[in-house]
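Below is one structure, written out as structure tokens, with a few remarks after it.
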Amino acid sequence: MYASCGATTYAHKLFGIIPHSHKDTVDWTTLMNCFAHHGMLNTAINLFSEMRKEGVRVDDVTIIVLFEACARLGNVAVGVQAHGSMVKMGLGFTVKACNAVMDMYGKCGLMGEARQVFEEMKEKSVVSWTVILDGVVKWEGVGSGMVVFSEMPDKNEVAWTIMIAAHIGSGFTKEGFTLLSEMVLGSGFGLNKVTFCSILSACAQSGDVVMGRWVHVRVLKAMGREMDVKVGTALVDMYAKSGRIDTAFKVFEYMPQKNVVAWNAMLNGLGMHGRGKAVVDMFPKMMEEAKPDDLTLMAVLNACSHTGLVDQGCHYFYNLESVYGLTPKIEHYACMVDILGRAGRLEEAEMLIKKMPIPPNEVVFGSLLASCSVHGKFEQGEGILKELIQMDPLNTEYHILLSNMYALAGKRYKATCLRQVLKLRGIRKVPGMSCIHVGGQVHQFSSGDKMHPQTQEIYIKLDEMIQKLRSAGYVPNTTFQVFSGCDGGEVNADEMEEREQAVFSHSEKLAVCFGLISTRANASLYIFKNLRICQDCHSAIKIVSKIYNREIVIRDRNRFHCFRQGLCSCSDYW
DNA sequence: CTAGGGTTAG
């Protein structure tokens, strides 16, 4: 009774008082189980050794309880030893006991042993297959997992979920979704809270709102108004990261209960969309309902930095401990350095780094370098780059950033040299890519891309667009277009032309053109870029949004830019 | 006996 009530210590004491002769297998097992379920796995394992010493008979449930404990604790030594001696004793293993043994081996990474038990089993249940599948996927990869999965005589929803989560988790989003539709439409399985969450998280990552909506419909069908907090949060995050911040807010408002994580997701979303004011306004409301944590303050500071709310940001940062009871972490320092740096207060930012009680990392310096680049402080930038290269020698972004700074200052020779250094070392810049979801398909573009089946139409549209832009007063900004072959002298007309062409065929412009020709008039365009949007594209797309009367939402590496009627939601502060 | 979830700095 005490054991099942969770009074472990009392149960253990009482158990000690009873003479050993009066205790049977069930008593011992009950107590072991009790310890195992209260996180006291070592005590459970010790109890098992004691039990063996006393010569008490070991049954099916005892074996299962023991191996479950070893699996959870990752205690291979005890598990392997116990299994070995049990086999020597000639103990009979039921299917369930074998499953528990295999699970232990699998969780500890001993797939050879797990497979051996599996091969030797005369009878295998679906669970046996699922246990092996889980181990294979975790230790041998999704590909090997697929082989086991296809060999399974019948598949349960656990097996399907393992495969779907593994695909999505390894970046094979498309394959994951294919499996999902097979599971739901082909095999008639339902989805549960766990599957909803992992799928929505994948949709958020890839910005796939079509799939996200499909899941949302199923969530409503399955749970109705009784929305689960975690599923609700996953929905909020998915809509926010797909550029639908208003929908995210609606889902958030309808959530019956909200915890810190839900608030964090909402505040983060608003921050990414440049709604710093909304974040600052919502924060006090949040405090009435939930206690803010590290991530909340990061979201708030981040929002301040992206909106230029410098004083507000300082206020939150300096009150982290006194008001919010939080110890400042390196992440908070990084946000603060960013707030000061973006606002041009570079000396203060550098002072803050010098005064930090934690050693600064590459994020902190990276942020400072970016700010130096924006504010043209190349001497300071050079110094920071040296630090950064030591911390992260293979990173190309920092070199490019500094190179762009030189280019901006007219020091094209230095800019070119820096790129040469990268080239000589064989380090290549991560290519910029832009994606646009149209008609349930993802269309991807790189700079100067001619691979798309509708390339011709896209480039015709591009020419038309550039012409319209020019007559609206657009002047291409080729400052950052550095060619490795140039000698740093005057730019001649031919090269100017070449540079302009390079800027025109940036991936985000191609994606916009494709969006313009493949969607109905006035429809909003949603584009995702893996790097930060470039200066020239930013000013060009502002004008595009006006002359074509389109809302264009671009998610770049850092945040969202929502272009509408010639303006951007970032207010050009980025 | 099997899977197991939501927020995370530049």
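All chains are named by letter (A, B, ...) in the order of the sequence lines, taking the proteins before the strands, and each is independently numbered beginning at 1.
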Using a strict threshold of under 4.0 Å (side-chain N to carboxylate O), is an ion pair present between A:Asp281 and A:Lys277?
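Salt bridge present between A:Lys277 and A:Asp281.
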
salt_bridge(A:Arg275, A:Asp246) N-O dist < 4.0 Å
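Judged by the 4.0 Å cut-off on N to carboxylate O distance, A:Arg275 and A:Asp246 do form a salt bridge.
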
Walk me through it: do A:Asp228 and A:Lys193 pass the test salt bridge (charged side-chain N to carboxylate O under 4.0 Å, His left out)?
CA-CA 8 Å; A:Asp228 177 79; A:Lys193 286 177 191 175; 3.5 Å; yes

Can you give the first and last nucleotides of DNA chain B, 5' to 3', that have an atom under 4.0 Å from a heavy atom of chain A?
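Terminal contacting nucleotides, 5' to 3': B:dC1 to B:dG10.
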
For A:Glu151, all residues meeting side chain to side chain contact (heavy atoms under 4.5 Å, CB included), sequence neighbours excluded
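Partners of A:Glu151 under the side chain to side chain contact (heavy atoms under 4.5 Å, CB included) test: A:Trp129, A:Val147.
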
Regarding [X], tell me which of base, sugar-phosphate or nothing describes its non-hydrogen contacts under 4.0 Å with the strands shown.
X	result
A:Leu133	nothing
A:Leu295	base
A:Asp228	base
A:Lys155	nothing
A:Asp556	nothing
A:Val261	base
A:Asp294	nothing
A:Lys241	sugar-phosphate
A:Lys138	sugar-phosphate
A:Val364	nothing
A:Ser367	sugar-phosphate
A:Glu362	base
A:Phe93	nothing

Partner residues of A:His561 under the ring-ring contact (aromatic ring centres under 6.0 Å, His included) criterion, sequence neighbours left out
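Testing A:His561 for ring-ring contact (aromatic ring centres under 6.0 Å, His included), a comparison that skips the adjacent residues, returns A:His538, A:Trp574.
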
Of all of residues 185-197 of chain A, which get a heavy atom below 4.0 angstrom from DNA chain B, listed by number?
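DNA chain B contact set from residues 185-197 of chain A: A:Asn192, A:Lys193, A:Val194, A:Cys197.
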
Are A:Val217 and A:Lys221 close enough that some pair of their side-chain heavy atoms sits under 4.5 Å apart?
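Yes; the side chains approach each other to less than 4.5 Å.
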
Considering only heavy atoms from C-beta outward, does the side chain of A:Phe283 approach that of A:Leu297 to under 4.5 Å?
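Yes, side chains in contact.
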
Mind checking salt bridge (charged side-chain N to carboxylate O under 4.0 Å, His left out) for A:Glu348 and listing every partner two or more places apart, or none if nothing turns up?
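Counting only residues at least two positions away or on another chain, A:Glu348 forms a salt bridge (charged side-chain N to carboxylate O under 4.0 Å, His left out) with A:Arg345.
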
Residues which pass salt bridge (charged side-chain N to carboxylate O under 4.0 Å, His left out) with A:Glu140, listed by chain and number, not counting sequence neighbours
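Expected list: A:Arg115.
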
